[in-house]
Amino acid sequence: RTAVELKKGEFVCEYVGELVSAAEADRRAERCPDAERYFMALKPSDKPDGHYVVIDAYAVRNVAAFINFSCKPNLRKVSVPATHADSKFPRVGFVAIDTIK
């Protein structure tokens, strides 16, 4: 449910957090297991060899960190164009899969 109707394909919000390496994410998860709930692993297009980075929204976040991920999602993850055009610093957003009332 939402207070304002969202049309199919409408941008909802960006997933905001600190961009860290996979090794740093592992270190943080060992120190604070709850932190993993706020990790979003991303594989940058310039790293096809399995390396990835993580958006860590545990300490630095916005409303997107509280989105409930479900088996029947109503949002879809999308790449968000960045003004810097550097794939090493990806941005992720969510759009409505269908109209949400």
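By convention here, the first residue in the shown sequence is residue 1. The figures here come from the full heavy-atom set of this structure, side chains too, leaving out hydrogens, waters and symmetry mates.
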Next on the checklist: Checking Asp98 against Asn74 for the side chain to side chain contact (heavy atoms under 4.5 Å, CB included) test, could you report, in this order, the C-alpha distance in whole Å, the side-chain angles of both residues, the deciding distance, and whether it holds?
Outcome noted: CA-CA 7 Å; Asp98 290 309; Asn74 56 7; over 6 Å; no
Item to check | Contact summary for Tyr15 and Ala57, nearest pair of heavy atoms | outcome: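 What the structure gives for the nearest pair is OH-CB, 3.5 Å.
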Item to check | Shortest non-hydrogen separation from Ala96 to Leu75 and the atoms involved | outcome: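 Ala96 and Leu75 have their closest heavy atoms at CA-CD2, 3.9 Å.
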Less than 4.5 Å apart, side chain to side chain, heavy atoms only: is that true for [X] and [Y]?
X	Y	result
Leu6	Val12	yes
Met40	Val92	yes
Thr99	Glu5	yes
Leu42	Tyr52	no
Val95	Glu10	no

Would you compute the distance between atom [atom1] of [X] and atom [atom2] of [Y] and round it to the nearest 0.5 angstrom?
X	Y	atom1	atom2	result
Asp26	Glu36	CG	CD	8.0 Å
Lys77	Phe94	NZ	CZ	7.5 Å
Ile100	Lys7	CD1	NZ	11.5 Å
Lys72	Ile97	NZ	CD1	11.5 Å
Asp56	Phe39	CG	CZ	4.5 Å

Checklist entry - Linking I/L/V/M/F/W/Y whenever any side-chain heavy atoms sit under 4.5 Å apart, do Ile67 and Phe11 land together? => result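 Ile67 and Phe11: separate clusters.
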Item to check | Linked, directly or transitively: Leu19 and Tyr58 (ILVMFWY side chains, under 4.5 Å) | outcome: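 Linked, Leu19 and Tyr58 end up in one cluster.
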Item to check | Heavy atoms of other groups near Arg27 CZ, more than 12 under 6.0 Å | outcome: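 Check passes, neighbour count above 12.
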Item to check | CA sep, side-chain torsions, deciding dist, call: Phe66, Arg61, side chain to side chain contact (heavy atoms under 4.5 Å, CB included) | outcome: CA-CA 9 Å; Phe66 302 104; Arg61 61 182 166 219; 3.6 Å; yes
